[in-house]
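Computed from a predicted structure; not experimentally measured.
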Amino acid sequence: MAFFGRNDIAVDLGTVNTVVRNSLDKVIFCEATCIALEDKYESPRVICMGNQAKKMLGRNPSNIKVINPLLHGAVSDFKTTTIFMNTIIESAKKGSLAPRVGISIPQNLTQVERHSLHEATMLAGAKEVLLIEDPFSASVGAGLDISTSRVRLVIDVGGGLVETSIISLGGLITSSFTKEAGDFIDYALVEYCRYNKNIGISKEMAENIKRQINVFGDNPVINVAVKDLMNGMPFSYELNLNELKDIVLNGIYKIKEVVLESINKAPPQIAPDLIEDGAILTGGMALIDGLKEFLEEELKIKINLSPDPLLDISKGVCMIMQNYEKYSIKWGTRE
């Protein structure tokens, strides 16, 4: 029996970005996990969400709060998460029927964190909630058959977490993670500019700068609008991106360490499959120039970049919900 019906939605609720698919497997929301609320009344009123809300960061008046409700994949603000999910559900559902909602979650979430997300989604208007762990939704979305005894190594590099998992026979052999992911690099760039350049930049500007850095090649000098921390005045600053390469490179080395940790914890029987098939690379940071080649050189195994790393998880949730009876026991928590 298919779980995915005409009024159901699949959600990749990420720390940085959220992707939502409807029952037709159509992406209806792919924007920042961010919401702007007007705090003028007893119950907060939604001003906007997604990329529009993100653009308001640092520009909002005192009566409007711009909030990211997640931290490292877990609920950091229960009330705001409920409002965020309610807004998504109301915009995605058809008619007046409450939808069933599938959400992909980090594998390392505690039972308390899982219950908090489930409760927030139910209060937001869901009829039923299915929580699916990221390694499985990412694997299925990337087109891997993980129901066989063939070993699969999945490297999911996101904004809030880097997770590496070794999967076989529909179950997890080993997994490792680090919170030093994309967001961590952004904040490291902010701190570097503060303490080494005496200039203030926003986290959003740091994210844009990170995307322009070629870690394995030469970089240009760019002009950025910054705040002078000596006198508080704004001015245009010439920033040499070559000086920032090591910060991004440190984050990339952390990905390598997490992959090695997963492999080291696994039994030797996995070796033939890893040598022959390599690993699948997915997640937003997978698009960093040269990351695939760097991991291949350092790990000495083949790295296969997913065709659509940003959308793999939401696609996987959708596919699992479409064949829920096959997957529910091993991969999902139906509450």
- Task: Return the minimal non-hydrogen interatomic distance between Leu172 and Ser165, and the atom names on each side.
- Result: CD1-CB, 3.6 Å

- Query: Just wondering, are more than 12 heavy atoms of other shown residues or ligands nearer than 6.0 Å to CD in Glu297?
  - Reply: no

- Task: Grab the two heavy atoms, one from Ala36 and one from Ile64, that are nearest each other, plus how far apart they are.
- Result: CB-CG2, 4.3 Å

- Query: Thr33 and Thr18: side-chain donor and acceptor closer than 3.5 Å?
  - Reply: yes

- Is the shortest distance from a Lys or Arg side-chain nitrogen in Glu261 or Lys256 to a carboxylate oxygen in the other one below 4.0 Å? no

- Item | Ionic contact status for Glu38 with Lys65, cut-off 4.0 Å | no

- Message: Determine whether a donor-acceptor pair (N or O, by modelled atom type, separation under 3.5 Å) exists between the side chain of Asn219 and the backbone of Asn214.
- Response: yes

- Message: If hydrophobic clusters are built by linking Ile, Leu, Val, Met, Phe, Trp and Tyr wherever their side-chain heavy atoms come under 4.5 Å apart, do Val162 and Phe184 end up in the same one?
- Response: no

- Message: Between Arg114 and Leu109 (side chain of the first, backbone of the second, donor and acceptor by atom type, cut-off under 3.5 Å), is there such a pair?
- Response: yes

- Query: Heavy-atom distance under 4.5 Å between the side chains of Cys34 and Ile67, does that happen here?
  - Reply: no

- Query: Do NZ/NE/NH1/NH2 and the carboxylate oxygens of Asp183 and Lys203 come within less than 4.0 Å?
  - Reply: yes

- Message: I'd like to check Ser104 versus Val11 (side-chain heavy atoms, cut-off strictly below 4.5 Å). Are they in contact?
- Response: no

- Below 4.0 angstrom, N of the basic side chain to O of the carboxylate: do Lys315 and Asp308 qualify? no

- Message: Between Leu189 and Val16, is there shared hydrophobic-cluster membership here, with clusters defined by ILVMFWY side-chain heavy atoms closer than 4.5 Å?
- Response: no

- Query: Is there a path of hydrophobic side-chain contacts, each under 4.5 Å between heavy atoms of I, L, V, M, F, W or Y residues, that connects Ile185 with Ile199?
  - Reply: yes

- Pairwise side-chain contact, Val46 with Leu37, heavy-atom cut-off 4.5 Å (strictly under): yes

- Carboxylate-amine/guanidinium proximity below 4.0 Å for Glu207 and Lys210: no

- Query: Does the pair Lys302/Asp277 count as a salt bridge with the N-to-O cut at 4.0 Å?
  - Reply: no

- Query: If only atom types and distance count, is the side chain of Thr174 paired as donor or acceptor with the main-chain N or O of Ile166 below 3.5 Å?
  - Reply: no

- Pairwise side-chain contact, Val129 with Leu117, heavy-atom cut-off 4.5 Å (strictly under): no

- Query: Quick check: does any side chain N or O of Thr82 sit under 3.5 Å from a backbone N or O of Ala124, one acting as donor and the other as acceptor?
  - Reply: no

